[in-house]
Amino acid sequence: MTGATIWLTGLPSAGKTTLAHELAGKLRGEGHRVEVLDGDEIREFLSAGLGFTREDRHTNVQRIGFVAELLASNGVKALVPVIAPYADSREAVRGRHQKEGTAYLEVHVATPVEVCSERDVKGLYAKQAAGEISGLTGVDDPYEAPESPDLRIESHTQTVQESAAALYELLTERGLA
């Protein structure tokens with residue numbers, strides 16, 4: 001089976017990780033080899049010591065992109081629910097995949113910041129509002145939304161299952177499912 005990197009970008013609490021796990025279950029059920037490269041886990045193990053400056057965020061995204069491409073080039077579907085706030089960082093990852101001839105899809109989980117702050121899965125929006133943290137992507141730090149992603153999912157208007165089905169349909173269209 002063909003490997004691929006499916007990068008899910010979006011604001012904190014947009015639904016990226018939930019969507020990745022939903023799709024992973026469906027793909028695994030069909031016999032695909034799948035890994036979910038969760039941004040929080042990567043920061044803990046692969047990018048420990050990096051902060052949240054633009055340079056550190058870029059380095060983090062490049063490390064994740066390297067691992068994703070390595071997995072994808074070996075037949076694994078690498079689902080990457082990682083904010084990756086800067087367009088140039090995401091383009092560098094896409095470029096690495098193109099250079100290696102590895103399939104890469106960019107999916108924008110386009111949930112409005114108001115909805116994300118209501119969900120506030122990790123309590124980040126509350127901490128930012130209370131002045132306990134700064135540099136929250138999409139609030140007081142930039143998020144450069146993809147201009148032309150392979151797929152845009154508005155998770156606030158559909159169920160997780162509907163979002164996963166739309167992404168699965170794209171994989172099927174591209175010969176990756």
Side-chain angles (χ1 to χ4, degrees), residues 1-48 50 56-111 121 137 143-155 158-177:
M1 293 191 179
T2 306
T5 294
I6 300 97
W7 198 290
L8 297 102
T9 179
L11 296 173
S13 296
K16 302 175 299 296
T17 302
T18 302
L19 175 55
H21 284 291
E22 181 72 22
L23 181 62
K26 179 167 179 53
L27 292 171
R28 285 186 185 116
E30 295 180 350
H32 294 269
R33 294 168 57 208
V34 180
E35 289 295 332
V36 176
L37 299 179
D38 181 84
D40 293 331
E41 291 175 1
I42 296 289
R43 273 209 172 263
E44 183 178 348
F45 297 107
L46 188 62
S47 294
L50 288 180
D56 283 355
R57 288 176 192 246
H58 180 77
T59 298
N60 184 49
V61 167
Q62 297 317 298
R63 288 178 182 175
I64 297 168
F66 173 80
V67 172
E69 195 284 322
L70 190 63
L71 288 167
S73 68
N74 284 284
V76 175
K77 301 285 189 302
L79 305 179
V80 187
V82 173
I83 296 169
Y86 303 113
D88 60 343
S89 296
R90 294 190 306 268
E91 277 309 305
V93 171
R94 181 187 293 277
R96 166 182 285 288
H97 282 71
Q98 287 173 338
K99 180 176 161 235
E100 299 298 329
T102 306
Y104 177 87
L105 299 174
E106 182 179 72
V107 178
H108 181 204
V109 183
T111 308
V121 178
T137 301
Y143 176 73
E144 299 169 357
E147 291 182 15
S148 54
D150 295 283
L151 180 65
R152 188 176 320 277
I153 290 180
E154 300 197 6
S155 70
Q158 59 192 26
T159 67
V160 173
Q161 293 75 21
E162 290 169 335
S163 296
L167 183 45
Y168 183 84
E169 185 178 322
L170 175 64
L171 292 173
T172 302
E173 288 171 9
R174 302 284 172 95
L176 299 169

Over all atoms of both residues, closest heavy-atom pair of [X] and [Y]:
X      : Y      : value
Pro81  : Leu37  : CD-O, 3.4 Å
Arg63  : Leu46  : NH1-O, 3.2 Å
Pro146 : Pro149 : O-CD, 3.8 Å
Glu35  : Leu71  : CB-CD1, 4.1 Å
Thr137 : Arg57  : OG1-NH1, 2.7 Å

Any side-chain donor near an acceptor of the partner, [X] and [Y], under 3.5 Å:
X      : Y      : result
Ser163 : Ser155 : no
His58  : Ser89  : yes
Arg96  : Thr102 : no

Verify, without hydrogens or angle tests, whether [X] (side chain) and [Y] (backbone) share a donor-acceptor contact under 3.5 angstrom.
X      : Y      : result
Ser73  : Leu70  : yes
Trp7   : Val82  : yes
Arg43  : Ala48  : no
Arg152 : Val109 : no
Lys77  : Thr2   : yes
Glu100 : His97  : no
Arg33  : Ala78  : no
Glu144 : Ala87  : yes
Tyr104 : Ala4   : no

Return the [atom1] to [atom2] distance between [X] and [Y], rounded to the nearest 0.5 Å.
X      : Y      : atom1 : atom2 : result
His108 : Leu151 : NE2   : CG    : 11.0 Å
Glu69  : Lys99  : CD    : NZ    : 9.0 Å
Asp56  : Ser47  : CG    : OG    : 9.0 Å
Glu41  : Thr17  : CD    : OG1   : 9.0 Å

I'd like to check [X] versus [Y] (side-chain heavy atoms, cut-off strictly below 4.5 Å). Are they in contact?
X      : Y      : value
Leu8   : Leu19  : yes
Leu50  : Thr59  : yes
Val107 : Ile6   : yes
Val93  : Gln62  : yes
Glu162 : Thr159 : yes

Give the C-alpha distance, both sets of side-chain angles, the deciding distance and a yes or no for side chain to side chain contact (heavy atoms under 4.5 Å, CB included) between Lys16 and Ile83.
-> CA-CA 8 Å; Lys16 302 175 299 296; Ile83 296 169; 3.9 Å; yes
Kindly indicate, with the supporting measurements, whether the criterion side chain to side chain contact (heavy atoms under 4.5 Å, CB included) is fulfilled by Thr111 and Leu11.
-> CA-CA 7 Å; Thr111 308; Leu11 296 173; over 6 Å; no
Please test Thr9 against Arg90 for side chain to side chain contact (heavy atoms under 4.5 Å, CB included), starting from the C-alpha separation and ending with a verdict.
-> CA-CA 9 Å; Thr9 179; Arg90 294 190 306 268; 3.9 Å; yes
Derivation of the side chain to side chain donor-acceptor pair (under 3.5 Å) call for Arg94 and Thr5 = CA-CA 9 Å; Arg94 181 187 293 277; Thr5 294; over 6 Å; no
Exercise answer: donor-acceptor pairs, residues 167-177 side-chain atoms, under 3.5 Å, sequence neighbours excluded:
from: Tyr168; atom 1: OH; to: Glu30; atom 2: OE1; distance (Å): 2.8
from: Tyr168; atom 1: OH; to: Glu30; atom 2: OE2; distance (Å): 2.7
from: Thr172; atom 1: OG1; to: Tyr168; atom 2: O; distance (Å): 3.0
from: Arg174; atom 1: NH1; to: Asp150; atom 2: OD1; distance (Å): 3.1

